[in-house]
Amino acid sequence: MRPLISVLTLAGLLGLAWPAVAQESGEDTGAERESGDWGSEEDWGDPWASEEDTGLRWTGFVEGALGARWADVDNLDALTLGDLRLRAETGYDFESIRLDFKADLNWDQVVEELDAKLRELAASFRVGGSTDVKAGRQVLTWGTGDLLFLNDLFPKDFISFFAGRDDEYLKAPSDTLRVSYYAEAFNTEVAWTPKFTPDNYVYGERFAFYDPRLGDAVAPENPRKASEPGNGEVALRLFRTVAGTEWALYGYLGRWKQPVGVRPSGQPWFPEMNAWGGSVRTTLGPGILNSEFSWYDSRDDRDGDDPLVPNSQLRFLVGYEQELVANLTAGGQLYAEHILDHDRLMEASPDPASEPEEWRTVVTLRLTHRAFRETLTSSFFAFWSPNEGDFYLRPNMAWRRDDHWTFSGGFNLFGGDVETMFGQLEDNSNGWLRMRYNY
């Protein structure tokens, strides 16, 4: 069993911090800062700054987080989250160039490592009167889905998401050159990533996953990620808003973001894939309606007869969100995935019973309630597949004590047959707690 010294230290820090919080005034001092804010007029700023200072200000947070599973899994401890994190971020305007910086220093007790990660280091500038450029490490997001990603093929960190880290960490950064051109007919955005950046996917280090060779969810004794290809990827978006309706078309040239292919030797890999799609978002009645579709062109298996490479797919989404009563918002989505040439896949497969069904459908529900002048937020998000029967539930609650202190907690609950997307993660179900101090 791994030593628990760092976990106990982290728990002690959380316990020592609580009396200080309890002694603070019970009156809320203002709205919560958004990620990336440079601070407010109440900030002390740089103590070494002078009247000729450029205005560079550092903000960020210190956060402690703990999480654990309740099922016994071979080769894995109960601990699923054990972070002590320091975030630092700033921005600087130098003539016509904007520089943004955001980085984390995190002790991760699960893997017993101190890790420094750069989430943003990018320069933004304008070329002419209608072209914006942002180059460097950055987090990108497209599409209209709520935790369902069709045309958003930028990297995701599902390890952080399933462990209970802040939702910000679901979107992983990439080293990208993004060029946005604004015209009267429509706007164009191109994002070029010179080196392919995959998702941070479940591979057995922190969470178990389904291994079809063993017919069960397992965590390998020596987990290892698949080798990443060195070539790049390109994403394109054409978009415009007409009479309050947002329209967009998307293109992507790259690879599947997870190693869904299998070599004859048994090694997983990232097959090549193109994606083409579109989306629309508009007001409808008292709420907002969104719809999205995408065609995944599996370039390494366009005939659909190679069971070691995923077939091409069509993906569809329609969603709606509205405020039901004061401070209570609800949103729902219907999602469908269709495997093309499914009959060829079944004919070529050595084990047709293990192949995915031709259709997969998913229904989602989000409920969000805010109380006590929006300082207490309760949220519930549910994924459920009607045809496969698996589910993923995410209840959580966050209390913003004031502009500095935030306390949150919740659960990641998985269930279903072990061969299904969420059912394979059932033994990874966990609860988590976080405490954050914004400075």
Does any donor atom in the side chain of [X] or [Y] lie under 3.5 Å from an acceptor atom in the other side chain?
X	Y	answer
Ser294	Asn151	yes
Ser385	Asn387	yes
Arg240	Asn187	no
Asp115	Asn106	no
Thr193	Thr176	yes
Ser180	Glu189	yes
Lys225	Asn200	yes
Asp104	Tyr169	yes

Looking only at heavy atoms, which two atoms of [X] and [Y] are closest? And how far apart?
X	Y	answer
Ser378	Met397	OG-CE, 3.3 Å
Ala217	Val418	N-CG2, 3.6 Å
Trp70	Gly431	CZ3-N, 3.5 Å
Asp403	Arg400	OD1-NH1, 4.4 Å
Thr197	Ser174	OG1-CB, 3.9 Å
Leu76	Arg206	CD1-O, 3.6 Å

Side-chain contact test, heavy atoms from C-beta onward, threshold under 4.5 Å: evaluate it for [X] versus [Y] and give yes or no.
X	Y	value
Asn75	Val73	no
Asp152	Lys171	yes
Val190	Leu177	no
Gln333	Val362	no
Phe380	Pro395	yes
Val218	Asp211	yes
Asp167	Arg394	yes
Val139	Arg119	yes

Audit row: Glu63, Arg165, salt bridge (Lys or Arg N to Asp or Glu O under 4.0 Å) steps and yes/no: CA-CA 10 Å; Glu63 182 178 78; Arg165 292 186 177 125; over 6 Å; no
In Å, rounded to the nearest 0.5 Å, how long is the span from [atom1] of [X] to [atom2] of [Y]?
X	Y	atom1	atom2	result
His404	Asp402	NE2	CG	6.0 Å
Leu84	Gln109	CG	CD	10.5 Å
Arg370	Leu328	CZ	CG	10.0 Å
Leu284	Thr282	CG	OG1	7.5 Å
Phe162	Asn412	CZ	CG	8.0 Å
Gln267	Ser227	CD	OG	7.5 Å

Using the salt bridge (charged side-chain N to carboxylate O under 4.0 Å, His left out) rule, collect all pairs that involve [range], keeping only residues at least two apart or in two chains.
range	result
residues 352-366	Asp146-Arg366, Arg360-Glu388, Arg360-Asp390
residues 288-313	Glu272-Arg299, Asp297-Arg302
residues 322-344	Arg315-Glu337

Among residues at least two apart in sequence or on other chains, which ones pass ring-ring contact (aromatic ring centres under 6.0 Å, His included) with [X]?
X	value
His338	Trp359
Phe207	none
Tyr335	none
Phe154	Trp142

Using the side chain to side chain contact (heavy atoms under 4.5 Å, CB included) criterion, which residues pair with [X]? Sequence neighbours excluded.
X	answer
Ala226	Tyr201, Pro259, Pro268, Phe270
Asn290	Thr144, Arg281, Leu317
Ala371	His369
Leu118	Phe101, Ala103, Leu121, Arg137

If you count every heavy atom of other residues, nucleotides or ligands that lies below 6.0 Å from Lys117 atom NZ, does the total exceed 12? no
Angle between ring planes, Phe414 versus Tyr392, binned at 30° and 60°: parallel, tilted or perpendicular? parallel
For the pair Phe383 and Phe381, name the ring-plane relationship: parallel under 30°, tilted 30 to 60°, perpendicular over 60°. tilted
Is there a side chain to side chain contact (heavy atoms under 4.5 Å, CB included) between Lys257 and Glu233 once you walk through the steps? CA-CA 11 Å; Lys257 302 300 285 188; Glu233 51 191 332; 3.0 Å; yes
With Trp405, the ring pair (Phe, Tyr, Trp, His ring centres under 6.0 Å) member among Tyr439, Tyr437, Phe61: Tyr437
Salt bridge or not between Glu120 and Lys134? Use side-chain N to carboxylate O under 4.0 Å. yes
Show your reasoning for whether salt bridge (Lys or Arg N to Asp or Glu O under 4.0 Å) applies to Asp166 and Arg434. CA-CA 9 Å; Asp166 191 278; Arg434 297 197 310 264; 3.6 Å; yes
Taking only residues at least two apart or on different chains, which pairs with a member in residues 228-255 satisfy ring-ring contact (aromatic ring centres under 6.0 Å, His included)? none
Ring centre gap for Trp399 and Phe407 strictly below 6.0 Å: yes
